[in-house]
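In what follows, a structure is listed as structure tokens, so that the remarks can point back to it.
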Amino acid sequence: GKGGTGKSTVSVLLANKFAKEGKKVILCDCDVECPNDYLLLGKKLEKPVKKIFAEFPRLIKKKCKKCGLCVKTCRNNAIFQPPKNYPIFIRDLCSGCGACWTVCPFGAIKTEKEEIGKIYLNKISKPHLKSQNLKFWLATGVAKAGLEETGPVVREVKKFALDFAKKQNADIVIFDTAAGTHCPVINALLDVDFAYAVTEPTPMGAHDLNLILDLCQKLKVKTKIILNQADLGKKQKIEKIAKKYKIKIKKEIPYSKKLVEAYSKGELLNITGLV
């Protein structure tokens, strides 16, 4: 739902909990426009392990008959065609799905590759306990600055995390999504076993919890609620929405000054027992 409820904090704490139990864990930061899991873990994004490319359409005017079929086919309204003129591709709206160049009967649309993001991989361990070898990796997706459609970047970092999990024979993969209910969030939620909806007992937290639970219901994703800062605000608002969707609040996390301090210093690995 809304930003700032503690999705990334809960994701990091969960990954740390499972790793300390001896499980192999992959944490994948799918908030590609503003990833922050690496900051909470005190890490840096130094050398990408993979660059992400997408194909975008380019018009060959000599072949184009101005039929308008590409315009009718584009679901993102990323193609504009003035009357009796050539179609114009609007890059900011294009998802690179390939529908336009697939349907063009004259072969007038070719493709060109463009870098849209990068993937980074960090091995996580406790810096002050060098002997403690946690089986815990962080995969981070970062979209190119200014990129409007970041869904393809989320798909690629998610695929990378799942492929890496197979190579490592990982037990658990956790996807930390962006805030909201838009395409990048949907891409992160597709095909997961279940989702934790992290919220807070505030009017805005309740409003956006309703939105994310509605989305998860439409995607047929089983969902559990984690109520962060549970002892602040009015918990009844969250309980009412939970009852509406017939979902129980799985965990309540009280406000913790210790957690806030660890968060601000990038030392969440030192926090235990909250999730």
Side-chain angles (χ1 to χ4, degrees), residues 1-15 26-56 75-78 89-97 113-122 124 137-162 164 173-192 195-200 204-205 207-209 211-212 214-216 219 221 228 263-264 266 268:
K2 70 178 288 289
T5 58
K7 294 183 295 299
S8 295
T9 300
V10 168
S11 297
V12 169
L13 293 177
L14 272 174
I26 313 296
L27 173 59
C28 180
D29 195 340
C30 292
D31 187 359
V32 299
E33 294 176 46
C34 190
N36 61 5
D37 289 357
Y38 74 99
L39 294 172
L40 301 181
L41 288 163
K43 295 295 181 179
K44 295 181 179 179
L45 302 182
E46 296 178 325
K47 187 177 180 181
V49 293
K50 183 178 181 181
K51 293 182 179 180
I52 303 172
F53 293 88
E55 291 186 326
F56 293 98
R75 297 180 62 185
N76 293 330
N77 297 315
F89 300 109
I90 305 171
R91 180 63 62 87
D92 286 347
L93 298 179
C94 180
S95 65
C97 69
K113 277 189 174 183
E114 181 179 313
E115 184 181 324
I116 60 172
K118 294 181 174 71
I119 299 174
Y120 298 83
L121 185 66
N122 292 90
I124 307 300
W137 293 265
L138 170 65
T140 304
V142 181
K144 179 182 176 182
L147 186 70
E148 290 288 334
E149 179 51 65
T150 58
V153 181
V154 174
R155 286 198 299 270
E156 284 300 312
V157 68
K158 187 176 175 183
K159 182 179 182 299
F160 172 86
L162 290 171
F164 184 74
V173 182
I174 299 172
F175 298 107
D176 180 17
T177 80
T181 56
H182 54 325
C183 290
V185 175
I186 292 171
N187 276 284
L189 286 171
L190 289 173
D191 300 319
V192 299
Y196 281 125
V198 183
T199 189
E200 60 188 17
M204 192 177 292
H207 176 270
D208 281 23
L209 175 64
L211 293 178
I212 197 69
D214 183 53
L215 173 63
C216 288
L219 295 176
V221 174
N228 193 22
Y263 178 99
S264 65
L268 282 185

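The chain is numbered in sequence order, starting from 1.
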Are [X] and [Y] side-chain neighbours, meaning at least one heavy-atom pair lies under 4.5 Å?
| X | Y | result |
| --- | --- | --- |
| L189 | C216 | yes |
| T140 | K43 | no |
| V221 | V192 | yes |

Tell me, please, which residues at least two apart from [X] pass salt bridge (charged side-chain N to carboxylate O under 4.0 Å, His left out).
| X | value |
| --- | --- |
| K51 | none |
| K118 | E115 |
| E149 | none |

For F160, enumerate each residue passing the ring pair (Phe, Tyr, Trp, His ring centres under 6.0 Å) test, keeping only those at least two apart in sequence or located in another chain.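 Per chain and number, F160 pairs via ring pair (Phe, Tyr, Trp, His ring centres under 6.0 Å) with no residue.
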With sequence neighbours excluded, residues passing ring pair (Phe, Tyr, Trp, His ring centres under 6.0 Å) with F56: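 Scan of F56 (ring pair (Phe, Tyr, Trp, His ring centres under 6.0 Å), adjacent residues dropped) gives none.
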Write down the atom of [X], the atom of [Y], and the distance for their closest heavy-atom approach.
| X | Y | result |
| --- | --- | --- |
| K158 | F175 | CG-CE2, 3.4 Å |
| A54 | I116 | CB-CD1, 3.6 Å |
| N228 | G6 | ND2-CA, 3.9 Å |

Restricting to side chain to side chain contact (heavy atoms under 4.5 Å, CB included), what partner residues turn up for [X], sequence neighbours left out?
| X | result |
| --- | --- |
| T177 | K7, V185, A188 |
| A78 | C74, N76, L93, C94 |
| L211 | T181, H207, D208 |
| S11 | L27, I174, D176 |

Any donor-acceptor pair under 3.5 Å linking the side chain of [X] with the backbone of [Y]?
| X | Y | result |
| --- | --- | --- |
| K50 | E156 | no |
| D31 | A179 | no |
| T5 | V198 | yes |

Set of residues satisfying side-chain hydrogen bond (donor to acceptor under 3.5 Å, both in side chains) with respect to N187, sequence neighbours excluded: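 N187 satisfies side-chain hydrogen bond (donor to acceptor under 3.5 Å, both in side chains) with R155 once adjacent residues are dropped.
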Mind checking what makes side-chain hydrogen bond (donor to acceptor under 3.5 Å, both in side chains) contact with D37, not counting sequence neighbours?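 D37 satisfies side-chain hydrogen bond (donor to acceptor under 3.5 Å, both in side chains) with S8 once adjacent residues are dropped.
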Counting only heavy atoms from other residues, nucleotides and ligands, does the tally under 6.0 Å from CZ of F164 exceed 12?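 Count over threshold, so yes.
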